[in-house]
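All remarks here apply to the structure that follows.
A quick note: this is a predicted structure, and the numbers were derived from the prediction, not measured.
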Amino acid sequence: MKYKTLKGLQDILPPEISIWQHIEKTSREIFCTYGYQEIRLPVLESTDVFIRSIGETSDIVEKEMYTFQDKGGRSVTLRPEGTASFVRAYVEHHLYNEPAPQRFYYMGPMFRYERPQAFRYRQFYQIGAEAMGIEEPKIDAEIISMLARILGDIGLKGLNFEVTSMGCKNCRPAFRDALKNFLRDKLGSFCSDCQRRFDLNPLRILDCKVPDCISSRQGSPPVTDYLCADCKGHFESLKHNLNMLNVPHTINPNLVRGLDYYIKTAFEVTSESLGSQKAVAAGGRYDGLVDEFGGPPTPGIGFAIGMERIVPLIKDSMKNSDGPDLLICPIGEEASEKAFLLAEKLRMERLWVEANYVGSSLKSQMRKANRINAKHIVVIGDSEIKNGEAVVKNMVNGTETKSALNGEELAKTIRIQGIIPLK
RNA sequence: GUGAGUGUAGCUCAGCCGGUUAGAGCAUCAGGUUGUGGCCCUGGGGGUCGGGGGUUCGAGUCCCCUCACUCACCCCA
């Protein structure tokens with residue numbers, strides 16, 4: 001084989017694509033009920049957009065970006081996530097002048113140059129939502145509730161919603177110091193990664209999965225003790241609102257987000273049935289990001305769902321039963337012409353119709369009908385053409401119905417069998 | 001970037017201590033007396049055994065290199 005997809009990239013083929021469409025359709029419906037509107041953003045941005053927002057020292061920026069020079073010598077980057085591009089657009093088009101909250105959603109590919117692994121790709125798809133202009137924690141609860149609704153309506157079960165507050169510019173440094181003080185003298189009992197994290201990103205130690213690290217960090221000060229009055233009030237109110245909306249969740253003070261811009265509310269949805277990449281969606285609040293991009297101080301909160309993480313979770317429950325509403329099986333040359341024409345007529349009735357173009361035995365045509373999951377067949381031979389009447393056979397239950405041999409009548413007959421034409 | 005594992009037909013895999021023309025199931029195509037499917041039966045097509053080198057009378061099998069894929073770490077959706 002000469003050509004293959006690049007490492008970490010994949011083709012998504014028809015049997016599976018129906019799951020993707022199901023997820024996208026369901027998401028759009030729910031977004032609509034909450035007033036979120038679609039926004040389409042370019043996949044390519046000036047590299048600065050990401051360095052500025054995600055953080056110079058983050059892993060994404062340091063080693064995972066698809067960055068290259070365009071022909072004009074500019075440094076451009078394939079987006080590694082959606083929020084940075086979104087905020088750029090938000091500021092560029094002065095969307096903050098619309099009445100708050102401004103709510104948007106997007107879906108599309110993201111790119112990170114990472115070593116691929118189960119449920120992790122270099123080109124991966126996210127469905128994201130962003131709510132701008134409201135600081136009130138009701139919007140935090142609303143967006144988490146909406147996320148729960150989307151995932152639930154898609155058909156996912158057994159998900160775990162974890163919520164925490166990460167503090168803000170004012171209180172996070174205090175927590176960081178307290179944590180480092182707690183860890184400093186027992187650093188020797190942590191894994192080498194955690195020892196490295198101590199200076200780099202001490203918060204990450206809270207989320208290490210090495211058993212020794214888990215036990216060694218027992219009794220570490222919880223973030224929630226170090227929140228400033230503002231953050232604490234926000235967090236308390238968020239919890240209250242989540243309970244009001246009956247969103248099942250657990251408080252996980254050890255939850256850590258990877259991007260620099262998150263403050264206050266952070267959340268993550270995980271599934272135990274996924275192996276090591278178990279986060280299916282995650283998000284948080286990013287109140288300082290708009291001013292970072294030169295806009296007015298504007299609060300914002302959002303999340304992203306990882307498509308590749310949820311597709312396998314519903315793969316088994318969604319059997320693909322797609323097939324034509326009708327397969328026309330002609331016998332003989334004249335019938336073949338008739339079938340060709342009839343198929344076109346029936347498609348004008350918004351039915352999925354196939355006609356066999358190569359003449360073969362009826363038996364093999366029937367086998368094909370079965371194989372491609374055709375819901376009905378109609379056999380056309382000399383006598384059908386002569387009488388202007390044919391038998392429509394329902395391939396699911398075997399019943400046969402006589403019908404006049406023209407587009408309208410055939411369409412009617414098929415609809416009686418319970419086939420709903422496409423909109 | 002680090003570590004481990006796996007590469008044989010379209011797919012899932014078997015192939016013993018190296019030994020004739022490399023196998024099975026599924027899939028595919030064609031048939032199984034005139035125009036009725038799924039089950040069953042018969043047959044056909046399809047493989048430079050990932051690639052290169054070496055050892056040997058002889059390599060899918062042993063050794064080395066290389067490439068690809070997978071899983072895990074880091075990190076993340």
State which of [options] makes the closest approach to the side chain of [X].
X: Val379(A); options: A77(B), G37(B), G35(B); result: G35(B)
X: Arg367(A); options: C71(B), C73(B), G31(B); result: G31(B)
X: Glu400(A); options: U36(B), G37(B), C75(B); result: U36(B)
X: Arg197(A); options: C74(B), C73(B), U36(B); result: C74(B)
X: Ile331(A); options: A77(B), G35(B), C69(B); result: G35(B)
X: Arg115(A); options: G37(B), C74(B), A72(B); result: A72(B)

Arg120(A) (side chain) and C75(B) (base): donor-acceptor pair under 3.5 Å: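 Answer is yes: a donor-acceptor pair is held.
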Taking donor-acceptor contacts at under 3.5 Å, does the side chain of Lys393(A) reach the base of U36(B)?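 Indeed, a donor on one side and an acceptor on the other fall under 3.5 Å apart.
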Expressed in angstrom and rounded to an integer, what is the separation of [X] atom [atom1] from [N] atom [atom2]?
X: Phe124(A); N: C75(B); atom1: CZ; atom2: P; result: 16 Å
X: Lys363(A); N: U33(B); atom1: NZ; atom2: P; result: 6 Å
X: Asn397(A); N: U36(B); atom1: CG; atom2: C1'; result: 15 Å
X: Phe267(A); N: A77(B); atom1: CZ; atom2: P; result: 11 Å
X: Met366(A); N: C40(B); atom1: CE; atom2: P; result: 17 Å
X: Lys4(A); N: G10(B); atom1: NZ; atom2: P; result: 13 Å

With salt bridge (charged side-chain N to carboxylate O under 4.0 Å, His left out) as the criterion, how do Glu29(A) and Lys25(A) come out once you've worked through the C-alpha distance, each side chain's angles and the decisive distance to 0.1 Å? CA-CA 6 Å; Glu29(A) 284 167 8; Lys25(A) 179 163 177 275; 3.4 Å; yes
Name the nucleic acid region contacted by [X], choosing base, sugar-phosphate or nothing; use a 4.0 angstrom heavy-atom cut-off, strictly under.
X: Ala279(A); answer: sugar-phosphate
X: Glu114(A); answer: base
X: Tyr113(A); answer: nothing
X: Gly128(A); answer: nothing

Taking atom [atom1] in both [N] and [M], compute the distance separating them and give it to the nearest angstrom.
N: C63(B); M: G18(B); atom1: C1'; answer: 13 Å
N: U6(B); M: G45(B); atom1: C1'; answer: 29 Å
N: G23(B); M: G46(B); atom1: C1'; answer: 14 Å
N: G60(B); M: G19(B); atom1: C1'; answer: 13 Å
N: A59(B); M: A22(B); atom1: C1'; answer: 13 Å
N: G5(B); M: C11(B); atom1: P; answer: 25 Å
N: C29(B); M: C65(B); atom1: P; answer: 45 Å
N: A9(B); M: A27(B); atom1: C1'; answer: 11 Å

Could you give me the CA-CA distance, side-chain angles and deciding distance for Gln123(A) and Tyr125(A), then say whether side-chain hydrogen bond (donor to acceptor under 3.5 Å, both in side chains) is met? CA-CA 7 Å; Gln123(A) 176 175 341; Tyr125(A) 290 78; 2.9 Å; yes
Check against side-chain hydrogen bond (donor to acceptor under 3.5 Å, both in side chains), Thr401(A) and Thr413(A): CA-CA 8 Å; Thr401(A) 315; Thr413(A) 307; over 6 Å; no
Under the side-chain hydrogen bond (donor to acceptor under 3.5 Å, both in side chains) rule, what do Asn370(A) and Arg367(A) come out as? Steps first, then yes or no, please. CA-CA 5 Å; Asn370(A) 213 49; Arg367(A) 278 183 182 154; over 6 Å; no
Starting from the 5' end of RNA chain B, give me the residue, Gln126(A) or Lys7(A), whose nearest nucleotide shows up first.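 That would be Lys7(A).
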Quick one: on RNA chain B, does Lys278(A) or Asn370(A) contact a more 5' nucleotide (nearest heavy atom)?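 That would be Asn370(A).
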Quick one: is the NZ or CZ of Arg79(A) closer than 6.0 Å to the six-membered ring centre of Phe111(A), and within 45° of its axis?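 Not flagged: Arg79(A) not positioned over aromatic ring of Phe111(A).
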Short side-chain N/O contact to A72(B) OP1/OP2 from Gln117(A), under 4.0 Å: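 It does, given that an N or O in the side chain of Gln117(A) lies less than 4.0 Å from OP1 or OP2 of A72(B).
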What residue among Arg40(A), Glu130(A), Glu38(A) forms side chain to side chain donor-acceptor pair (under 3.5 Å) with Tyr106(A)?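 Exactly one option meets the side chain to side chain donor-acceptor pair (under 3.5 Å) with Tyr106(A), and it is Glu130(A).
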Paired with [N]: which nucleotide, if any, by Watson-Crick or G-U wobble criteria at under 3.5 Å for both distances?
N: U6(B); value: A68(B)
N: U36(B); value: none
N: A59(B); value: none
N: A22(B); value: none
N: C29(B); value: G43(B)

Strictly under 6.0 Å, is that where the ring centroids of Phe104(A) and Tyr36(A) end up?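 They do not qualify: ring centres at least 6.0 Å apart.
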